[in-house]
Protein chains: 2
Amino acid sequence: MAPQPIPEDYQPVVESRGTVNSPIFSTPINQLNPYGPNPADFLSNVNQFQLIDSTLREGEQFANAFFSTEKKIEIAKALDEFGVDYIELTSPVASEQSKKDCEAICKLGLKAKILTHIRCHMDDARIAVETGVDGVDVVIGTSKFLREFSHGKDMNYIANSAVEVINFVKSKGIEIRFSSEDSFRSDLVDLLNIYKTVDKIGVNRIGIADTVGCANPRQVYELVRTLKSVVSCDIECHFHNDTGCSIANAYCALEGGAKLIDVSVLGIGERNGITPLGGLMARMIVAAPEYVKDKYNLKMLRDIENLVADAVEVNIPFNNPITGFCAFTHKAGIHAKAILANPSTYEILNPNDFGMTRYIHFAHRLTGWNAIKSRVEQLNLNLTDEQIKEVTSKVKSMADIRSLNIDDVDSIIKKYHSEIKA
Amino acid sequence: MAPQPIPEDYQPVVESRGTVNSPIFSTPINQLNPYGPNPADFLSNVNQFQLIDSTLREGEQFANAFFSTEKKIEIAKALDEFGVDYIELTSPVASEQSKKDCEAICKLGLKAKILTHIRCHMDDARIAVETGVDGVDVVIGTSKFLREFSHGKDMNYIANSAVEVINFVKSKGIEIRFSSEDSFRSDLVDLLNIYKTVDKIGVNRIGIADTVGCANPRQVYELVRTLKSVVSCDIECHFHNDTGCSIANAYCALEGGAKLIDVSVLGIGERNGITPLGGLMARMIVAAPEYVKDKYNLKMLRDIENLVADAVEVNIPFNNPITGFCAFTHKAGIHAKAILANPSTYEILNPNDFGMTRYIHFAHRLTGWNAIKSRVEQLNLNLTDEQIKEVTSKVKSMADIRSLNIDDVDSIIKKYHSEIKA
């Protein structure tokens, strides 16, 4: 096939102002921040979301977790300082020590509200309201799977229990949330019915839980938006990460009108866990930078992650958003060149916001002469661009043979420089 | 406030058949697999997607990556056996050894097609077509950021270069893909214009790249769907993971009509990387189980991840989908009970599909008597349910004091059993 010319109808365009960062393109509101809330989502809570940290509840269900009372208090204080809105604790019914720990944390006088998480049962509710918590999170399985193989109850029984527990907890002047479990495998009519019922009797929040981690983002958006038309209370969402979508699902839930997201530090929880606090911060700071920076103490993130990682004896994943060791490392020559000119070219997150720093990796065969030039300047040497290109090719040849470190590259540069100047 | 009765208009519902797994609820097609492609997405490629593995291109840009020729060949062969459709390699222009490695991998006679990735420039194209590759992936920055701070060219220059390079590569009988870089920060009109142009002259694929990791799922869906109305060629997508959405974005791209997804093993790449092969498999097996199980050799996943993790000297993240150490560990008593009755209650992925196994964790204070009963049976001891509940409370008391392991629990159970039987 012979080469073809540019089609005659190709239209070179004048620079326009919109970008593709929103489903409805080029909206004026969005030009202020192209990653901001989509103006088509009238119910979006992207720039007014709240966090329920469940490191001390869901996180205690992580395989490696065993938190002493002292460690729980240390974690609760750190989360409070970070600025989470709620801290959720293991049910006081789980064990005698769990109850004592719950009482101890309630006495700390934290700014964050303290919640505990119980089964939808009066036996549990009676114990929970005596611990001093600000709120109780009630959950019951509504999917066919859980109704058959877990508690064995039908929807009428669930509705009756929910109403009894909600009325009881409210009578004590305590916040109450009602959540279905395994919501995305539950019957939609059942769900809407039970949520409408509990909303009517004055529940503070309803919760949707993707207990098995099966939900996908657009489906989450649709379900939340539908629920939003049925209830007037706040909607909280809880997403497991089995299929890697827990952060994205949380974001789409907020777009659809959910207000609160359950997180845990590093996402620890049952199986491979839930929406991670840090990962969600990465997502949200892009969408609502002022809100996130004002509200949360982002520079604490690394320390909180290290605190919890140490407590449960895991390493920070190498690819963790924000705090993974390479999150702000740039390597390819073409990337390094642009980053040196303007960091925004290849960074959507600013490492300074999190007390982190950027690193331009130049000791490898994909390096480019701009990265080497930057290093030459750091070394306070004086070479022309042509000379830098020549020494770059020496670095690349050496890097083809073996893995290089910074000292290796510095030696190559210094040797070249001394030969030139000799 | 006095307790309220159940509202009179509460409607106990008869079991209906739909679930909330699709934005258009209760669709008959979806009842076959409630996690399957959304029937409202007429262009969905969720059950006919293809993979372009870029471990040996994007992955080589990972901070820790230095692949010897032998390691590249080992990884390429493993990916081929796993069943990826394409393997993308570093540009032969990057270094002399990169060129030789490209030529060596092309000579392996793999089933997967071999691609190399070059700048949109004739100098690079001339070298690429001589390496023996099946296809060339061309990329150029189209965002204002990259046009200003990287290559400094305008859209007309980009269009001219693209047409020249595409015609040249096609004249050699080799596949060609044209991708914009930083597509989600590019002007929409620019994007549609350039894609329409290259589609008209017969490019094989166009690529969308979320180079900085800023895109969110619904925005991805909208852009892909819009592009799909402009071009007739296949659409490939490349998502960085800076804000934790790379798997979800890939899924939504397929829903919108993209056909090919760029992945790398463990997601290694610039900064914290791109859509991980394993995580995407977790997402896709839920949506298109037969397609995924037939096409990909899923039981190899763990070995491939270990191969690459060893090569780049990182640990498998503790929370990695599928292969993280706790991905199939169940801990809470209420979970363990249901899992023992039916694994689907708390698992959307079947560990057997990946050659993995499930583990019920019972040595902790959140344990329940069903988990302990299962252990008692494994130990071939004979206790009544009442006795098991009693020994469970002993386990919980001990677990309140310190972290337990399996041997500790077995000792408690055996001691109790011998006392009972004495």
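Values in this document were obtained by computation on a predicted structure and should not be read as measured data. A, B, ... follow the sequence lines: proteins, then strands. Residue 1 opens every chain.
In terms of non-hydrogen atom pairs under 4.5 Å with chain B, the most contact-rich of A:Ala282, A:Ala327, A:Ser98 is A:Ala327. When each of B:Gly324, B:Cys245, B:Ser246 is checked for heavy-atom pairs under 4.5 Å with chain A, B:Cys245 comes out on top. When the candidates A:Gly273, A:Gly213, A:Pro217 are compared by the number of heavy-atom contacts under 4.5 Å with chain B, A:Pro217 comes out ahead. Interface summary for chain B: among A:His361, A:Arg365, A:Glu164, A:Lys396, the most heavy-atom pairs under 4.5 angstrom belong to A:Arg365. Chosen from B:Phe328, B:Tyr251, B:Tyr221, the residue pairing most often with chain A at heavy-atom distances under 4.5 Å is B:Tyr221. In terms of heavy-atom pairs under 4.5 angstrom with chain B, the leader among A:Gly244, A:Ala341, A:Cys326 is A:Cys326. The choice from A:Gly368, A:Gly141, A:Pro276, A:Ser95 that makes the most heavy-atom pairs within less than 4.5 Å of chain B is A:Ser95. Each of B:His364, B:Lys100, B:Arg402, B:Arg225 has some count of heavy-atom pairs under 4.5 Å with chain A, and the biggest count is that of B:Arg402. Of the listed residues (B:Asp400, B:Ile348, B:Asn319), the greatest number of heavy-atom pairs within a distance under 4.5 Å of chain A belongs to B:Asp400. Interface check for chain B: of the options A:Glu96, A:Gln61, A:Glu270, the most heavy-atom pairs under 4.5 Å are formed by A:Glu270. Chosen from B:Leu280, B:Leu266, B:Ile247, B:Val212, the residue pairing most often with chain A at heavy-atom distances under 4.5 Å is B:Val212. Contact tally against chain A (heavy-atom pairs below 4.5 Å) for B:Glu60, B:Arg271, B:Gln97: the top residue is B:Arg271.
Only the side chain of B:Thr90 comes within less than 4.5 Å of a heavy atom of chain A; its backbone N, CA, C and O stay farther away. If you measure heavy-atom distances from B:Asn315 to chain A, the contacts under 4.5 Å come from both the backbone and the side chain. Residue B:Phe62 touches chain A through both its backbone and its side chain, counting heavy-atom pairs closer than 4.5 Å. Contacts between A:Ala399 and chain B at a heavy-atom distance below 4.5 Å involve the backbone alone (N, CA, C, O). Looking at B:His330, the atoms closer than 4.5 Å to chain A (heavy atoms on both sides) sit in the backbone and in the side chain alike. Proximity to chain A (any heavy atom under 4.5 Å) is shown, for B:Tyr346, by both the backbone and the side chain. Heavy atoms of B:Asp154 lying under 4.5 Å from chain A are absent altogether.
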Side chain to side chain contact (heavy atoms under 4.5 Å, CB included) between B:Ile201 and B:Asn167, worked out: CA-CA 8 Å; B:Ile201 63 163; B:Asn167 281 327; 4.2 Å; yes
May I have the step-by-step check of side chain to side chain contact (heavy atoms under 4.5 Å, CB included) for A:Arg218 and A:Cys252, ending in yes or no? CA-CA 7 Å; A:Arg218 291 173 59 237; A:Cys252 289; over 6 Å; no
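Exactly one residue among A:Ile268, A:Ile316, A:Asn64 makes a side chain to side chain contact (heavy atoms under 4.5 Å, CB included) with B:Phe318. That residue is A:Ile268.
Rounding to the nearest 0.5 Å gives a distance of 7.0 Å between OG1 of B:Thr243 and CG of A:Leu349.
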